[in-house]
Chemist: 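Below: one structure in structure tokens.
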Number of protein chains: 2
Amino acid sequence: MEKVTIYDVAKEANVGIGTVSRVLNNSQRVSDKTKKKVLKAIKRLKYQPNAMARGLALQKTGSIGILVPAVTSHFFIEVLKGVQHGLEERDMDLVLYNVNFDDSYNISNKERYINRILSEKRVDGVLAITMKMTEDEINRFKNLRVPLVLVNDFYEKISSVFVDDLAGAKKATNYLTALNHQRIAFLNGCMDCRQGQDRMKGFKTALLEANTGVYDELIKIGDFNKESGYEMMKEILDLPREDYPTAIFAASDIQAIGALEAINEAGYSVPEDFSLVGYDNIELSKYLKLTTIAQPMFEMGKLGVELLVDSIQSNGDEIVQKELEPELLIRESC
Amino acid sequence: MEKVTIYDVAKEANVGIGTVSRVLNNSQRVSDKTKKKVLKAIKRLKYQPNAMARGLALQKTGSIGILVPAVTSHFFIEVLKGVQHGLEERDMDLVLYNVNFDDSYNISNKERYINRILSEKRVDGVLAITMKMTEDEINRFKNLRVPLVLVNDFYEKISSVFVDDLAGAKKATNYLTALNHQRIAFLNGCMDCRQGQDRMKGFKTALLEANTGVYDELIKIGDFNKESGYEMMKEILDLPREDYPTAIFAASDIQAIGALEAINEAGYSVPEDFSLVGYDNIELSKYLKLTTIAQPMFEMGKLGVELLVDSIQSNGDEIVQKELEPELLIRESC
DNA sequence: CTGTTAGCGCATTCAG
DNA sequence: CTGAATGCGCTAACAG
């Protein structure tokens, strides 16, 4: 079973390779008869076009790249499922560029990957998922006209799909105030990213609207990871007993889990002593029965490919922004 | 910033394209002086070879495919990290073929993906992770001389890296008998795959060696998923109280988690009423403090690429089998 | 050591 | 409507 090229098919069908190519791309103007003849030859020879050759001629690869930090995160996996779903409908391939921020032998390979993507032309476009892209990096894509869409991030000059974090934080906070909590703590992630800023705004807005007090000592800024959640919660537990909050809103599930550890270590429990709500709806949160804000991860991935493929096909610079709504998912931590 | 080809570099450096190609592939026989000249031109023009063209000429793509069912599984994610690590060292790309077994609009796309991989030639070889490949499918790879290595599965005619499941099951069981358990239940996955068979064998062997009883009513065969674990545990809880086991060994963590739910629902708890040990060491098991058998997932991925890349480069049919050792990870469920 | 040429497999002119 | 020629960007074999 040797490799069969378009020439073999042409010979088998007694036509020129041009004709074969035409039926392959079901270009117009091929008589039904020869078309059938060629199709039959293709089937007989089990011919399938070589992706490299086609890519070279067409200047299109039929695959997209996805740039992501830490494939390991559950958030990413869910998004990936959506991406796969969208890609499959279009018979496109996915090449994965997993950016590694903490690799010992290489501080970050982000730059290297971007260079490769931009010059090697192995992919027709890229989806950047939860990747803080600098303006400079984004401009490089624009200049080289390599379609780029941001997933779970927002930048006005580029197509992006993201979630309304302000609304998400408000939903969480509203739920807590509706439960009559008067002193609510907020364990936030970074404040130099959109997510952190918007969630902070949503939290405070909801509090004001509910006429509930805002206590600076209960508002902590850290990181979106578990350790940070743990540390911030410990600080709160170090406050005088009478300053304790009755509820805690964490900006990520994984922070909430860290906070939970601190709470348990201190001999308290959830929801008896503190109500706790997280953010993201990662798989773990289900098992820990954590009330949380669910992000539409699958849909983000699916929408992302849609935007990207459209952009690739239209070759246009149309910028589309899609904002998705997060949902409150009530479980047993409040 | 237009696209720059090898011709531009040649012109810039006042040499022929052959020379440029030679320094690119640091082929021998290029004078140091011209080499330097070309390198400088490359840098000045920010040139990088086009992957498609190079692939076409070389009949090598510089990327491998990975075939996997359900990207969503934590097991796969860990393996993927190892794969990525190995690939990065070699500057190769990864294209992901996520086989979907339960997609509504398409019973299984496995066949389609295999066809594509084999004919499109977009990848130089493939890593099949936790994919039950039929002998027929494997032979197609062999016939077309597309390197294939199995990860977490074993087939004598092809390179594979897998874990000694018999040893793993024995380690788990030995731990339980050492804890003096006399009635131990086993919640197994399928019995028509190597994993299930070997773990069953390991379980029974360990029991015999420890002179501990083997009770058929405590040995259940189901599936490796959570629902199955839940169901099997319920069946056990339906036994007369005096037939209850004192310990349960589940063939996967996720089954153990299902079993845990059944146990909790029935008003019992772990480790007070039952000891429980799982298998895999997925992330969840850490949070649930489940004692388990840890599989070297990262290493499997890393080893897998190594074997694959060797096979691609040597173009040889050398078959390498690597068996890895699982480890007992003691936590608080026993 | 280095420039030139001929494919790699396909899509797309351009003539018939 | 269809066959032949040209080029996509690069490597490798062939002459110098």
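Note that the coordinates shown come from a computational prediction; the quantities given were computed from them, not determined experimentally.
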Chemist: Atom CG of Leu45(A) to atom P of dC10(C): distance rounded to whole Å?
Modeler: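 Going from Leu45(A) (CG) to dC10(C) (P), I get 12 Å.
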
Chemist: Does dC1(C) have OP1 or OP2 sitting under 4.0 Å from an N or O in the side chain of Thr34(B)?
Modeler: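 No, because none of the side-chain N or O atoms of Thr34(B) sits under 4.0 Å from OP1 or OP2 of dC1(C).
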
Chemist: Check nucleotides 7-11 of chain D against the protein and report each pair of N or O atoms closer than 3.5 Å, with its distance, or say if there are none.
Modeler:
residue: dC8(D); atom: O3'; partner: Gln59(A); partner atom: NE2; Å: 3.4
residue: dC8(D); atom: O2; partner: Ala57(A); partner atom: N; Å: 3.4
residue: dG9(D); atom: OP1; partner: Gln59(A); partner atom: NE2; Å: 3.4
residue: dG9(D); atom: N2; partner: Ala53(B); partner atom: O; Å: 3.3
residue: dC10(D); atom: OP1; partner: Tyr47(B); partner atom: OH; Å: 2.4
residue: dC10(D); atom: OP1; partner: Asn50(B); partner atom: N; Å: 3.1
residue: dC10(D); atom: OP2; partner: Ile6(B); partner atom: N; Å: 2.5
residue: dT11(D); atom: OP1; partner: Asn25(B); partner atom: OD1; Å: 3.4
residue: dT11(D); atom: OP1; partner: Asn25(B); partner atom: ND2; Å: 3.4
residue: dT11(D); atom: OP1; partner: Arg54(B); partner atom: NE; Å: 3.0
residue: dT11(D); atom: OP1; partner: Arg54(B); partner atom: NH2; Å: 2.9
residue: dT11(D); atom: OP2; partner: Ser21(B); partner atom: OG; Å: 3.0

Chemist: State, with a plain yes or no, whether a side-chain heavy atom of Glu137(A) is found less than 4.5 Å away from one of Lys110(A).
Modeler: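 Counting from C-beta outward, Glu137(A) and Lys110(A) do come under 4.5 Å.
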
Chemist: Is a side-chain donor or acceptor of Thr61(B) paired with a backbone partner of Arg122(B) at a separation under 3.5 angstrom?
Modeler: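 Between the backbone of Arg122(B) and the side chain of Thr61(B) there is a qualifying donor-acceptor contact (under 3.5 Å).
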
Chemist: Of all of residues 113-125 of chain B, which get a heavy atom below 4.0 angstrom from DNA chain C, listed by number?
Modeler: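 Of all residues in residues 113-125 of chain B, none places a heavy atom under 4.0 Å from DNA chain C.
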
Chemist: Can a side chain N or O of Thr19(B) be found less than 4.0 Å away from OP1 or OP2 on dG3(C)?
Modeler: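 Yes.
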
Chemist: Contact class for Asp8(A) (heavy atom, under 4.0 Å): base, sugar-phosphate, or nothing?
Modeler: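 No contact.
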
Chemist: Is it true that atom NZ of Lys11(B) has more than 12 heavy atoms of other residues, nucleotides or ligands lying nearer than 6.0 Å?
Modeler: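 At most 12 heavy atoms, drawn from other residues, nucleotides or ligands, come within 6.0 Å of this atom.
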
Chemist: After noting the C-alpha distance and the side-chain angles of Val20(B) and Tyr7(B), does the key distance pass the side chain to side chain contact (heavy atoms under 4.5 Å, CB included) rule?
Modeler: CA-CA 9 Å; Val20(B) 178; Tyr7(B) 286 94; over 6 Å; no

Chemist: Could you work out how much the helix from dC1(C)-dG16(D) to dG16(C)-dC1(D) bends, comparing the axis of its first five pairs with that of its last five, to 10°?
Modeler: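 The end axes of the helix from dC1(C)-dG16(D) to dG16(C)-dC1(D) are about 50° apart, to the nearest 10°.
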
Chemist: Counting only heavy atoms not in Glu156(A), do more than 12 fall under 6.0 Å of its CD?
Modeler: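 Result for CD/Glu156(A): enclosed.
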
Chemist: Does Asp124(B) use its side chain to pair, donor to acceptor, with the backbone of Ile64(B) at less than 3.5 Å?
Modeler: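 A pair under 3.5 Å: no.
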
Chemist: Closer than 3.5 angstrom, by distance alone: can the side chain of Ser159(A) be matched with the main-chain N or O of Val320(A) as a donor-acceptor pair?
Modeler: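 Yes, Ser159(A) side chain to Val320(A) backbone: donor-acceptor pair under 3.5 Å.
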
Chemist: Judged by atom type as modelled, is there a donor-acceptor pair below 3.5 Å linking the side chain of Lys142(B) to the main-chain atoms of Lys157(B)?
Modeler: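 Between the backbone of Lys157(B) and the side chain of Lys142(B) there is a qualifying donor-acceptor contact (under 3.5 Å).
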
Chemist: With sequence neighbours excluded, tell me which residues meet side chain to side chain contact (heavy atoms under 4.5 Å, CB included) with Asp192(B).
Modeler: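 Counting only residues at least two positions away or on another chain, Asp192(B) forms a side chain to side chain contact (heavy atoms under 4.5 Å, CB included) with Cys190(B).
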
Chemist: Check ring pair (Phe, Tyr, Trp, His ring centres under 6.0 Å) between Phe298(A) and all other residues, then give those that pass, not counting sequence neighbours.
Modeler: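 Scan of Phe298(A) (ring pair (Phe, Tyr, Trp, His ring centres under 6.0 Å), adjacent residues dropped) gives His85(A).
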
Chemist: Could you state the CG-P distance from Asn14(B) to dG3(C), rounded to the nearest angstrom?
Modeler: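 Distance, rounded to whole Å: 9 Å.
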
Chemist: Could you work out, with side chain to side chain contact (heavy atoms under 4.5 Å, CB included) as the rule, every residue matching Ala41(A), not counting sequence neighbours?
Modeler: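 Side chain to side chain contact (heavy atoms under 4.5 Å, CB included) check on Ala41(A) returns Val9(A), Glu12(A), Ala13(A), Arg44(A).
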
